[in-house]
Amino acid sequence: MRAARARQKTDGGAVSEKTELEILADADYPNADELARRFAVQPHPNPRGEEEYLRIMEKPGFGNYFTDYMAHATWTPEEGWHAKKIEPFGPLRLDPAAAVLHYGQEVFEGLKVYRHEDGSLHSFRPAYNAARLNASCRRLAIPPLPIPDFLGAVAALARVEKRWVADAHGSSLYLRPVVFASESFLGVRSARRYEFVVLASPAGPYFKHGYRPIRVWVEQEYHRAGPGGMGDAKTGGNYAASLLPKQQAHEAGYDEVLFLDALGNSDLDELGGMNVFAVLSDGSVITPRLNGNILPGCTRSSIMEFLRRSGTPVREERIGLQWLIGAIEAGTVREMFACGTAAVVTSVGSLAGRGFSVDLADTQVTRHIYGELTAIQEGRRPDRFGWLYPLG
C-alpha cells in the first residue's frame, strides 16, 4: 500500500500514477445480485416499529443510531472466512481475554449507501474500502477478507436495510465494517480467530453547524503516527492517539486538529480523520504525499482524479508548515480544504498553532468539489468515472 504504483493514461492523454488501492478499486467485480447471496439473512424477531423508525429518521445525526441488522463472518485457520450472515443487530459475546482488548488487533472502514431518485441503492467505490481494509489487515497481521465477500456484505446489508437509506441531500446510510481479534488468550502473537462485522447507521450531514469553514488547530506536541508505524492503516490506535489533542482543541474553540510528521515536526500529515489539500493562486492543488503516516483516503483519491480529469494540476509533495503559513499570508495559498468519507469535503477557514494564526477566506474550489462529488454519489450527475457500485 505504501509504494506500489502503476502509470496509466488519463482521458486527456496525460500520464498519472495509480496506487495499488486505486487499481483494485477500479477492477471489475461480480454484480451485487451474485455477491449478496454469500450472506444468508436470518429473521429478525423484533425490528423497530414505524413510530420509532420515523423518530430516528427525522433527525438521525451521525453515528447515533443503528439499524435492525448487521453483517457478520468469522475467520479461523481451519475454515478461513465462514459463517457469513446478515443477523439481528445486537451485542457480541466477547471473552475478557479476547486478544483485541489486550493487543489491539482491530481495523475498520467507513463508506456510505445512497438512494437515487429512482429508488435504487448505490455505494461509492466500495472496492477501494475493501482493498484498504485488507492493507490495514496485513499491517496488523490479520487475515485479509476477499474483496467479493466485503462487497457481498455491503450489498446484502443494504438490501435488508433499504428503508433506512434516506433520499435527502447530504443524507445516507453509513456503513462501518470492522475486523477484530476475538480469540481468548494472553500472549504476544497474532490471534487465531477474528470477527468481521458491518454496522449500518442512518446519517445526516457530518458537521452539526452545516457547511461553513472550520477552524483548525495545528498540533505541534502530539503526533498520531510515526515512521514505520501504522499511520496508513485504518486502526483504532491511530484515532485513540488523536483524541487528547482533539479534545484540547475543541475546548479551545477549534473544530479539528492538523497533525505534523513525527520525524521532523515540520510537515503536514493529515487531520485526525481527514486528508488535507491546499489551493494555490495559480489554480493548482497540492496535498501531502503518502509517506506511510497518512491514511490513503478514498475521497482524497477521488478528488485528485476529478481535478486532473478537469485539467487542474494536482501535486503530492511535502508541505512544510512554515512555508504554508508564509504562503497563506502572501496569498500564494488562497484556499484549503479537508476531505473524508463522513464529511466528504469541508473548507478550512483558519489555521492556528503556537505563535501563529492565519485565515483563508476563499471557498470556491472546495464548494465546487463538494457539489460535484455529492452529485455523483447521489445520482444527480452522470458517473463518468465508474465510481458507483449498484447495490439493488
Between [Y] and [X], does any NZ, NE, NH1 or NH2 come within less than 4.0 Å of an OD or OE carboxylate oxygen?
X	Y	result
R125	D26	yes
E78	R193	no
R224	D269	no
E109	R176	no

Ring centroid separation [X] to [Y] under 6.0 Å:
X	Y	value
Y65	Y53	no
W387	Y128	no
F62	Y174	yes
Y69	F89	no

Please check if the side chain of [X] supplies one atom and the backbone of [Y] the other of a donor-acceptor pair under 3.5 Å.
X	Y	result
H72	V198	no
T19	E22	yes
K112	T341	yes
D95	E183	no
E87	V41	no
S302	C298	yes

Counting only heavy atoms from other residues, nucleotides and ligands, does the tally under 6.0 Å from CG of D282 exceed 12?
yes
For the [atom1] atom of [X] and the [atom2] atom of [Y], what is their distance to the nearest 0.5 Å?
X	Y	atom1	atom2	value
T235	F108	OG1	CZ	7.5 Å
S120	K162	OG	NZ	7.5 Å
I319	F277	CD1	CZ	9.0 Å

Any chain of hydrophobic side-chain contacts (each under 4.5 Å) joining L24 to V107?
yes
same_hphob_cluster(Y239, W217) at 4.5 Å side-chain heavy-atom cutoff:
no
Would you sort out whether N265 and H223 count as a side chain to side chain donor-acceptor pair (under 3.5 Å), showing the intermediate values?
CA-CA 9 Å; N265 203 38; H223 300 92; 2.8 Å; yes
Test ring-ring contact (aromatic ring centres under 6.0 Å, His included) on H368 and F306 and set out the steps.
CA-CA 11 Å; H368 175 64; F306 168 76; 5.8 Å; yes
Is the closest side-chain donor-acceptor distance between [X] and [Y] under 3.5 Å?
X	Y	result
Y194	Q105	yes
H169	E378	yes
E316	T287	no
E335	T366	yes

Side-chain heavy-atom pair L290, R300 within 4.5 angstrom cut-off
yes
Side-chain heavy atoms of L186 within contact of H102, under 4.5 Å:
yes
Positive for side-chain contact (heavy atoms from CB on, under 4.5 Å) with V358, one of V218, I325, L324:
I325
